[in-house]
Amino acid sequence: MPKPIKNAATAVAGLAMALALTGAGAVVTVATASAAAASETGAQGWDVSGSYGTQQECVAAGDAGVADGSWAQYRCVLFEARWDLMTPA
């Protein structure tokens, strides 16, 4: 398989695995580079509440915040190889 096609197939498989691993109540957003740039300073109406090395760590932190009443919803956004935990402002 040519290298560009193999890389694209690997990226698609990784995205599918990431989406399959999300928790039942979690809202996980995988943003594109242009949309993710907003996460650096916070998207309109959302604050960055943490940055994690894996999606599972981000989802666990988001679920913990929901459980303790810190926020009612959250998003995990992939930005520059890190998962940003976004919570309502």
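The residues of the chain are indexed from 1 along the displayed sequence. We use all heavy atoms of the structure for the numbers below, so side chains are in, but hydrogens, waters and symmetry mates are not.
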Q. Is the side chain of R82 donor-acceptor paired with the backbone N or O of S51 at a distance under 3.5 Å, no angle test?
A.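 Looks like yes, one N/O pair under 3.5 Å.
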Q.
Do W71 and L85 make a side-chain contact, defined as non-hydrogen atoms from C-beta onward lying under 4.5 Å apart?
A.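 A side-chain contact exists here, since the closest heavy-atom pair is under 4.5 Å.
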Q) Taking atom OH of Y52 and atom CD of E57, what is their separation to the nearest 0.5 Å? A)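 Atom-to-atom, Y52:OH and E57:CD are 8.5 Å apart.
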Q) How many angstroms lie between CG in D84 and CZ in R75, if you round to the nearest 0.5 Å? A)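 Spacing of CG (D84) from CZ (R75) equals 13.0 Å.
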Q: Could you give me the CA-CA distance, side-chain angles and deciding distance for V48 and M86, then say whether side chain to side chain contact (heavy atoms under 4.5 Å, CB included) is met?
A: CA-CA 5 Å; V48 178; M86 306 291 291; 3.5 Å; yes
Q. Is there a donor in the side chain of Y74 and an acceptor in the side chain of D63, or the other way round, less than 3.5 Å apart?
A.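 Note: Y74 and D63 side chains meet the donor-acceptor criterion.
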Nearest non-hydrogen partners of [X] and [Y], listed with the distance:
X   : Y   : result
T87 : S49 : OG1-OG, 2.5 Å
V66 : Q73 : CG2-N, 4.5 Å
W46 : P88 : CE3-N, 3.5 Å

Q. By side-chain contact (heavy atoms from CB on, under 4.5 Å), which residues pair with S70, not counting sequence neighbours?
A.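 D68.
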